[in-house]
Amino acid sequence: MSVNPNPLPLVFDEPRGRKKPPRHLADLDEAGRKQLLVDAGLPGFRAKQLSTHYFGRLVNDPAEMTDLPAAQREELVGALLPQLMTPIRTLEADKGTTRKTLWRLFDGALVESVLMRYRDRTTMCVSSQAGCGMACPFCATGQGGLQRNMSTAEIVEQVVAGARVMARGEVPGGVGRVSNVVFMGMGEPLANYKAVIGAVRRLTDPAPAGLGMSARHVTVSTVGLVPRILQLADEGIPVTLALSLHAPDDELRNELVPINTRFSVAETVDAAHTYFAKTGRRVSIEYAMMRGINDQAHRADLLADVLNERGRGWVHVNLIPLNPTPGSKWTASDPEDEREFVRRLEAKGISTTVRDTRGSDIDGACGQLAAVE
Ligand code: SAH
């Protein structure tokens, strides 16, 4: 009998024996939506009208769906547009242009999404799992473990809810739309691969089949599940890949991102480079700056070398000032050390930005709101 050297939980499997979230039109492609109605003894052509209400008009009140026969409206809406989640709380920051919502799903699971309106774009940060199984010690979500995978529709609904408040002019700055989506809320998107790909398809399908967003404006962020990165590279959807590296050496990364004991820095960065080579999409390297942990000058040099070894101009480094989670021993880097880190990366030709810290005053960091609740 062989002993598994990696005591991590098996991350690719969904917990078994759970009740599934309600089936929703966003879970299905157009043919599937039609079929579902037909199977329920309802007219299939109504699927397109329902899709137009949901994705095109962003309507969720059945009373506004006046093109559906009143007698059948409830049944049609019940079949394809069941309620998926209830907002528990919304917190605002940055004069209302950052809005974080805590949602309760049908089974009581809590997830968060954040809308961030900038001058030139509006980004929705969405969750893909309730909880997370990756156990990164500096991340609030990582501390509670995985509850369950979210369904495609539960992921999409977070974006539609954001698009709705933008369309209604409820966010300062006037009527607008959601232009970008980042999978940087709770969960490891590539551990819920099928539902996440489904969600990306719904976001990018032209209306009324989907929201009609550009795949280039969708970012999937991962701890680095190598086989899934390679699979994503072959999907033919040019999303931006973000790799949460956080350390350039295995010794430290094993600690900060425990899945590294299964997929080393070299394997992970190779997979990210393959993603670039196959899609032509520049990869974003996420690096949360932690004082005295991963922010030393020699690590900046090593990070640049590890990236440059694979080629030039294929990555962009995004330094994230650590948002300390309650009771954690980690804190953000000194501004001086941060500047030196940036200087060293740039000296070796690595394009680098420091992320702005929107919403840190509303527990904007990963999973902090749900953790408090
Ligand atoms: N599981 C995915 C996506 C979710 S988190 C991933 O790990 O990429 C999105 C980003 O926020 C990741 O880079 C993650 O490491 C980072 N992050 C988590 N907790 C943080 C914190 N307290 N401060 C700053 N960044 C954090």
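Read the numbers this way: they start at 1 and go in the same order the structure lists the ligands and their atoms. Treat the numbers as computed from the prediction; the structure is a model and nothing was measured.
- Counting heavy atoms under 4.0 Å from ligand 1, residue V257 does not touch it at all.
- With respect to E92 and K100, no salt bridge is recorded, no charged nitrogen being found less than 4.0 Å from a carboxylate O.
- Annotation for ligand 1: atoms under 4.0 Å from non-hydrogen atoms of G187 are 1 (N), 2 (C), 3 (C), 4 (C).
- Residue contact annotation: G185 has a non-hydrogen atom under 4.0 Å from ligand 1.
- Listed by atom number, the atoms of ligand 1 under 4.0 Å from V223 heavy atoms are 6 (C), 7 (O), 8 (O).
- Residue H246 touches ligand 1 through its side chain alone, judged by heavy-atom distances below 4.0 Å.
- The closest approach between a heavy atom of E188 and any atom of ligand 1 is below 4.0 Å.
- A salt bridge does not link E30 to K34: none of the charged nitrogens lies less than 4.0 Å from a carboxylate oxygen.
- Crowding of R291 atom CZ: a count of heavy atoms from other residues, nucleotides or ligands under 6.0 Å exceeding 12.
- Here is the list of ligand 1 atoms found below 4.0 Å of a heavy atom in F183: 3 (C).
- The shortest N/O to N/O separation between P324 and ligand 1 does not fall below 3.5 Å.
- Between D205 and R202 a salt bridge is recorded (basic side-chain N to carboxylate O distance below 4.0 Å).
- Ion pairing between a basic and an acidic side chain is recognised when a charged N comes within 4.0 Å of a carboxylate O; D94 and R117 show no such pairing.
- For the pair L36 and R23, the minimum side-chain heavy-atom distance is below 4.5 Å.
- With a 4.0 Å heavy-atom cut-off, ligand 1 is reached by the side chain of E286 but not by its N, CA, C or O.
- The option with the heavy atom closest to atom 19 (N) of ligand 1, from among G142, P137, C139, is C139.
- Of the charged side-chain nitrogens involved, at least one lies within less than 4.0 Å of a carboxylate oxygen, so that E235 and R201 count as a salt-bridged pair.
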